[in-house]
Amino acid sequence: MDASSQNAAAGRRDTLTIVDNRTGKQYELPIEHETIRATDLRQMKVNPDDFGVMTYDPAFMATASCRSTITFIDGDKGILRYRGYPIEQLAEKCSFLEVAYLVIKGELPTKTQLEEWTRNVTTHTFVHENIKKLMDGFHHDAHPMGMFVSTIAALSTFYPTAKRISDPAERTLSIYRLIGKAPTLAAFAYRHSIGFPYVHPDNELSFAGNFLSMMFKLAEPKYKPNPVLERTLDVLFILHADHEQNCSTNAMRGVGSSQVDPYSAAAAASAALYGPLHGGANEAVLRMLDEIGTMERIPNFIKDVKEGKGKLMGFGHRVYKNYDPRASIIKKLADQVFEVTGRNPKLEIALELERIALQDEYFIKRKLYPNVDFYSGLIYQAMRFPVDMFPVLFAIGRMAGWLAQWQEMLTDAEQKIARPRQVYLGTGKRDVTLLSQRG
Ligand code: ACO
């Protein structure tokens, strides 16, 4: 029974009573889904022409910016579900394209629906030849994520009708294109950075297999992906497909709320993901494991962390105060990958760090558990992805979630252009003096 039904059963009202001590007036605000509407506070005024009370929440710590039916997270219990389905079951039983369909359309596809969806995404994997010229213009050591962000944005200039965002057919076409072309742009960015020729999509391969081909194909006439690595990559895309209102999704919704085309909004979301606090933590885990270097140095490292001299990267999460369910799945995948690639020597250090941290009072008290990034970097590295590509890999999977959230936002009658308020703390009105008179 949810909180609302419990209240109704006990004859209690689902409301919040607030007394404004400035005026002595009392207000009763409805509570729905354990949330009050911030605009209900604006009736609280001292003078009739006041703006009314606002909430101040600089990092959205307790503010819901939307109502969504896409992803459910219970951080205390370590639960993640897309459209109601537990992430563990999706990772075990589905392909990434099935999950992308689910996240965007709300239901798992039938066999026929999946075939059609796969065909539509697959026929949009190629990019215009001019995109290659654009890519060629980047410096040889340009970061692949910078190239990815820029070329996603550039797609908007190739598909001018995508700005008709209220046309469902145009939206669907953009969705196929963005899911289909993201791996192509990602692989081209990598190939450019190592000075290798671009590899065209091979539409006979799976979504993940084609990506591996575009990344790593050399002189062989047909690239044959290793099935374990192909499946692992597919599962990693599933695990990253959505994570409700995180920084990049908020960017997708916020920028998309201006009714710009989805390529521009997805470029903004990718830019948000580029930041080290969002898409870059698995790189920091690898750097940390390199710095520790040997098993003997682990106790000293943990001691330093506990003394506040650094963080145990890949541990802790704003939402999960329990084992991140994605981390458990990735840990199992790691064993299968290392059977193919050979063991990443850093794994021993990671396992020992985890063993110690899970028994240590400091980490237990603060509810610090491994997050999705603790083991993913080790797998990516073993699969020969350079560290710079990690956020790009994240973006390929997350594109499905961004598009689902974008479409949900556009079709939500309550959503408008995102325009936060501010608390102004600057000076009051003052007059401009001429430059010659300023001391
Ligand atoms: N190592 C050591 N101590 C930590 C760690 C850590 N990884 N994470 C949090 N703490 C400590 C903090 O120092 C703080 O201690 P205090 O109460 O004594 O001051 C306490 O735990 C609470 O931490 P906060 O920073 O308040 O937690 P918050 O929710 O703001 O931060 C975050 C979450 C940013 C993920 C943090 O745990 C962290 O920096 N972890 C390491 C980086 C990382 O792995 N990021 C990836 C996140 S997953 C993702 O983005 C896909």
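Put simply, the side chain of M252 reaches to within 4.5 Å of the side chain of L403, judged on heavy atoms. Contact check for L289 versus L378: side-chain heavy atoms found under the 4.5 Å cut-off. Contact annotation: the side chain of F315 never approaches that of V285 to less than 4.5 Å [non-hydrogen atoms, C-beta and beyond]. Counting heavy atoms from C-beta outward, Y380 and L286 have side chains that stay 4.5 Å or more apart. Side chains of L333 and Q336 form a contact here, defined as non-hydrogen atoms less than 4.5 Å apart. Two residues are said to be in side-chain contact when any heavy atoms from C-beta on lie closer than 4.5 Å; K163 and V260 fail this criterion. Taking the side chain as every heavy atom from C-beta outward, D324 and P370 never approach each other to under 4.5 Å. Within the 4.5 Å cutoff, the side chain of S174 has no heavy atoms near those of the L155 side chain.
For E115 and R119, the salt-bridge test fails: no basic side-chain N is under 4.0 Å from an acidic carboxylate O. One finds no salt bridge joining R37 and D40 here, because no Lys/Arg side-chain nitrogen approaches an Asp/Glu carboxylate oxygen to under 4.0 Å. Taking a cutoff of 4.0 Å between a charged side-chain nitrogen and a carboxylate oxygen, E92 and K332 do not qualify as a salt bridge. Using a 4.0 Å cut-off between charged nitrogen and carboxylate oxygen, K309 and D304 count as a salt-bridge pair.
Taking CG of L90 as the start and CG of L102 as the end, the distance is 6.0 Å to the nearest 0.5 Å. To the nearest 0.5 Å, atoms CG (N371) and CE (M313) are separated by 8.5 Å. Atom CZ of F394 is separated from atom CG of L236 by 11.0 Å, given to the nearest 0.5 angstrom. To the nearest 0.5 Å, atom CG of residue D388 and atom CE of residue M147 are 8.5 Å apart. The structure places CG of L185 at 9.0 Å from CE of M214, a figure rounded to the nearest 0.5 Å. N203 contributes atom CG, which lies 11.5 Å from atom OG1 of T118 (distance to the nearest 0.5 angstrom).
In the model, Y159 has no side-chain atom that pairs as donor or acceptor with a side-chain atom of E170 under 3.5 Å. Using modelled atom types, one finds a donor on one side chain and an acceptor on the other under 3.5 Å when comparing K346 with Q381. S68 and E244 share no side-chain donor-acceptor pair at under 3.5 Å. Remark: the H140 side chain and the S193 side chain contain no N/O donor-acceptor pair separated by less than 3.5 Å. Using modelled atom types and a 3.5 Å distance limit, the side chains of E230 and S206 yield a donor-acceptor pair. Side chain to side chain, N210 and S213 fail the donor-acceptor criterion of an N or O pair below 3.5 Å. Residues Y176 and N120 bring a donor and an acceptor atom of their side chains to less than 3.5 Å of each other. E107 and Q113 share no donor-acceptor pair across their side chains, judged by distance under 3.5 Å alone. In summary, the side chains of R81 and T71 do not present any donor paired with an acceptor at a separation below 3.5 Å, with no hydrogens or angles considered. For the residue pair S248 and N246, a side-chain donor N or O sits within less than 3.5 Å of a side-chain acceptor on the partner.
A centroid separation of less than 6.0 Å is found between the aromatic rings of F216 and F385. Side-chain rings of F148 and H143 stay apart, their centers remaining 6.0 Å or farther from each other.
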Please step through side-chain contact (heavy atoms from CB on, under 4.5 Å) for the pair I396 and F237, ending with a clear verdict.
-> CA-CA 7 Å; I396 295 173; F237 289 150; 3.7 Å; yes
In sequence, state the C-alpha distance, the side-chain angles, and the governing distance for E352 and I349, and then conclude on side-chain contact (heavy atoms from CB on, under 4.5 Å).
-> CA-CA 5 Å; E352 183 61 7; I349 299 176; 5.9 Å; no
Worked check of side-chain hydrogen bond (donor to acceptor under 3.5 Å, both in side chains) between Y369 and E354 = CA-CA 8 Å; Y369 294 89; E354 182 188 339; over 6 Å; no
Audit row: V149, L273, side-chain contact (heavy atoms from CB on, under 4.5 Å) steps and yes/no | CA-CA 10 Å; V149 170; L273 189 64; over 6 Å; no
Would R343 and E348 count as a salt bridge (charged side-chain N to carboxylate O under 4.0 Å, His left out) if you check the C-alpha gap in whole Å, the side-chain angles of each, and the deciding distance to 0.1 Å?
-> CA-CA 9 Å; R343 219 165 154 87; E348 305 300 341; 2.7 Å; yes
List the steps and the verdict of salt bridge (charged side-chain N to carboxylate O under 4.0 Å, His left out) for E28 and R13.
-> CA-CA 10 Å; E28 188 172 352; R13 292 198 305 277; 2.7 Å; yes
Test log, rule salt bridge (charged side-chain N to carboxylate O under 4.0 Å, His left out), inputs D74 and K77 | CA-CA 6 Å; D74 184 330; K77 297 195 181 115; 3.6 Å; yes
Run the numbers on I330 and F374 for side-chain contact (heavy atoms from CB on, under 4.5 Å), then give the verdict.
-> CA-CA 9 Å; I330 292 182; F374 193 64; over 6 Å; no
Verdict with reasoning, E408 to R253, per salt bridge (charged side-chain N to carboxylate O under 4.0 Å, His left out) = CA-CA 9 Å; E408 188 178 65; R253 279 180 174 261; 2.7 Å; yes
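Nearest heavy-atom pair across A382 and F338 is CB-CE2, 3.5 Å. Across all their heavy atoms, I131 and A154 have their closest contact at CD1-CB, 4.4 Å. Heavy atoms only, all atoms of each residue included: V423 and Y56 are closest at CG2-CD1, 4.1 Å. Taking each heavy atom of W406 and G256 in turn, the nearest pair found is CD1-CA, 4.2 Å. The minimum heavy-atom distance linking G254 with A418 is given by the pair CA-CB, 4.1 Å. Closest of all the heavy-atom pairs between R83 and G106 is NE-CA, 3.3 Å.
Judged by the 6.0 Å distance and 45° axis criteria, R366 is positioned over the aromatic ring of Y362.
Listed for the E98 side chain is a donor-acceptor partner under 3.5 Å among the backbone atoms of S95. Panel note: side chain H278, backbone A272; no donor-acceptor pair is recorded below 3.5 Å. Checking side-chain atoms of K217 against main-chain N and O of V199 turns up no donor-acceptor pair under 3.5 Å.
Atom NZ of K321 sits in a crowded spot, with more than 12 heavy atoms from other residues, nucleotides or ligands closer than 6.0 Å. Within 6.0 Å of the CZ atom in F126, the count of heavy atoms belonging to other residues, nucleotides or ligands exceeds 12.
Every residue meeting the ring-ring contact (aromatic ring centres under 6.0 Å, His included) condition with Y101, not counting sequence neighbours, appears here in chain and number order: W117. Every residue meeting the side-chain contact (heavy atoms from CB on, under 4.5 Å) condition with R318, not counting sequence neighbours, appears here in chain and number order: M61. For E291, the salt bridge (Lys or Arg N to Asp or Glu O under 4.0 Å) test picks out no residue, with sequence neighbours left out.
Between H243 and Y320, the angle of the ring planes lies from 30° to 60°, which puts this pair in the tilted group.
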